[in-house]
Amino acid sequence: MIKLSEKIGYGLGDMSSSMFWKIFGAYLMIFYTDVFGISALLVGTMFAVTRVWDSLFDPIVGIIADRTESRWGKFRPFLLYLALPFAFIGILTFLTPPFGATAKLIYAYITYTLMMMVYSAINVPYASLLGVMSPNPSDRNTLATYRMTFAYIGSFIALLLFMPFVKVFGGDRSEEIMVGWMTAPQFGWFMTVLVMAIVCALLFFGCFYLTRERVRPVKEKKTPLKTDIKDLLHNRPWWILLGAGVASLVFNSIRDGATVYYFKYYVDETSFGDIKFLGIPFVLSGLYLAVGQAANIIGVLLAAPVSNKIGKRKTFMCAMIIATVLSVIFFFFDKDMLTLIFVFQLLISICAGSIFPLLWSMYADCADYSELKTGNRATGLIFSSSSMSQKFGWAIGTALTGWMLEAFGFVANAVQNPETINGIKMFLSILPAAGALLSFIFIAFYPLSEKRMKEISLQLENKRHQE
């Protein structure tokens with residue numbers, strides 16, 4: 001039985017990584033184009049190029065984690081030793097150096113690549129931890145629910161407070177020089193990420209302290225790397241989840257990455273002024289993103305009871321087909337239809353939130369399936385694929401956003417032409433709908449039902465008792 005404190009502790013890890021992940025997803029593109037000063041085309045290309053390597057790096061981390069032995073287990077040591085590098089490199093990513101255009105682009109490539117590598121190095125072991133905290137599928141569903149609930153709470157806080165913090169630190173004072181070479185907006189962005197990074201490091205330390213590893217493989221002997229990879233490539237459910245995960249992240253990353261553009265250039269949120277609550281000035285884009293995260297939490301909370309009743313596969317499929325239809329309808333909203341814009345954000349985000357705890361739980365099931373089929377358990381390698389699918393999906397989504405912004409004639413900090421506005425509208429509607437529909441198609445072929453997983457779990461338990 002997993003204690004409440006350990007469930008919360010596990011949730012703290014994804015609360016940390018999701019705060020950074022959502023900041024990257026929602027604000028990094030517009031930071032590079034409107035604050036840092038790189039063209040949308042170059043940003044899109046950078047996301048695509050760096051993510052190819054970064055995605056390939058995830059399985060390497062999984063392989064290393066599977067072969068790690070320490071008094072803290074295989075995966076927990078990564079949380080302890082990488083929490084501070086995770087925070088530090090995140091801060092550097094949002095620092096604007098006093099360089100020329102070429103040097104700035106090189107700096108962006110280096111810091112962004114390092115950030116994604118350290119994200120993989122801490123997040124792949126963290127994700128893998130789910131597979132060894134308990135052998136019980138219902139415990140894993142519960143842990144996945146705690147994970148995603150805390151992830152969305154962290155994202156909600158980060159997205160709601162990010163722009164208010166930027167303004168507090170000087171980000172609304174145009175080109176006024178604040179510290180050294182930085183303009184007020186640049187300093188505001190840098191200081192905001194600094195605060196967020198400190199919180200993220202502390203959350204990972206809490207996750208390390210509160211969690212434990214319990215599950216041991218049936219066979220403790222080391223297997224050759226070639227065997228691990230061969231087993232993975234013959235794991236059909238893993239391939240299906242990989243495809244569904246990539247498509248789901250395309251769906252999410254395009255919506256997140258284009259939100260600020262949508263409200264800045266289409267809705268024109270500045271015409272509404274700041275919306276103050278408790279003396280804190282909020283903007284429409286921040287509230288829209290925060291509503292999405294709150295709705296994601298609702299989706300996470302619904303995932304376990306609904307999937308326990310009708311199954312993970314059916315729950316996933318229902319969520320994605322509903323999200324597809326709602327996203328297509330979203331395209332036809334005029335900019336003054338704010339109530340419908342926010343209501344549909346709520347509904348679409350509930351669907352989006354419900355699928356990710358299911359994915360994490362399914363990856364744990366894939367590890368059990370592989371162990372029963374091959375006699376070899378490579379939890380880290382299997383879970384690294386989930387991170388890899390995130391990176392691939394986000395790479396495709398953000399690269400498409402940058403490239404298509406350029407193709408539609410986007411010019412930073414200027415009035416956009418009708419073609420550009422129409423393209424920005426598609427980023428929150430038609431393009432995410434395509435990703436959601438593709439994810440639905442993949443998961444329709446997923447073979448590991450709840451009945452099948454009970455059989456697998458029982459057979460593995462019998463084998464462990466025989467060892």
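Just so you know, residue 1 is the first one in the sequence shown, and it goes up from there.
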Could you tell me whether the side chain of [Y] reaches within less than 4.5 Å of the side chain of [X], counting heavy atoms only?
X      : Y      : value
Phe440 : Thr324 : no
Tyr152 : Phe356 : yes
Met116 : Phe57  : no
Leu289 : Leu160 : no
Ser354 : Val306 : no

Value rounded to 0.5 Å, distance of [atom1] in [X] from [atom2] in [Y]:
X      : Y      : atom1 : atom2 : answer
Cys207 : Ile8   : SG    : CD1   : 12.0 Å
Met317 : Ile443 : CE    : CD1   : 9.0 Å
Tyr27  : Thr259 : OH    : OG1   : 8.5 Å
Leu431 : Thr401 : CG    : OG1   : 7.5 Å
Met196 : Ile157 : CE    : CD1   : 8.5 Å
Thr111 : Ile89  : OG1   : CD1   : 9.5 Å

Run the numbers on Ser16 and Tyr126 for side-chain hydrogen bond (donor to acceptor under 3.5 Å, both in side chains), then give the verdict. CA-CA 11 Å; Ser16 174; Tyr126 166 75; over 6 Å; no
So the salt bridge (charged side-chain N to carboxylate O under 4.0 Å, His left out) pairs with at least one residue in residues 22-32 (sequence neighbours excluded) are Lys22-Asp256
Discussion item. Distance alone, cut at 3.5 Å: any donor-acceptor contact between the side chains of Asp139 and Thr142?
Written reply: no
Assess, by modelled atom type and distance only, whether the side chains of Tyr261 and Thr33 contain a donor and an acceptor separated by less than 3.5 Å. yes
Do the rings of [X] and [Y] sit parallel, tilted or perpendicular, given the 30° and 60° boundaries?
X      : Y      : answer
Phe263 : Phe342 : perpendicular
Phe150 : Tyr146 : parallel
Phe31  : Phe36  : tilted
Trp189 : Phe94  : parallel

Under 3.5 Å, which donor-acceptor pairs do the side chains of residues 41-49 form with other protein atoms, sequence neighbours left out?
{"from": "Thr45", "atom 1": "OG1", "to": "Leu41", "atom 2": "O", "distance (Å)": "3.0"}
{"from": "Thr45", "atom 1": "OG1", "to": "Trp403", "atom 2": "NE1", "distance (Å)": "3.1"}

side-chain contact (heavy atoms from CB on, under 4.5 Å) filter on Thr149, not counting sequence neighbours, yields Thr145, Ile153, Ile297, Val300, Leu301
For Ile91 and Phe190, the nearest pair of non-hydrogen atoms, with its separation, is CG2-CE1, 3.3 Å
For [X], is the [atom1] atom crowded, meaning more than 12 foreign heavy atoms sit under 6.0 Å from it?
X      : atom1 : value
Lys314 : NZ    : no
Phe99  : CZ    : yes
Phe88  : CZ    : no
Tyr209 : OH    : no

So side chain to side chain donor-acceptor pair (under 3.5 Å) across residues 424-445, not counting sequence neighbours, yields Ser248-Ser439
Residues at least two apart in sequence or cross-chain that pass side-chain hydrogen bond (donor to acceptor under 3.5 Å, both in side chains) with Ser18, listed by chain then number, are none
Residue set satisfying salt bridge (Lys or Arg N to Asp or Glu O under 4.0 Å) with Asp34, at least two apart, ordered chain then number -> Lys264
Carefully, step by step, assess Phe204 and Phe86 under the rule ring-ring contact (aromatic ring centres under 6.0 Å, His included).
CA-CA 10 Å; Phe204 264 127; Phe86 177 78; 5.5 Å; yes
I want to know whether Phe344 and Phe333 have ring centres closer than 6.0 Å. yes
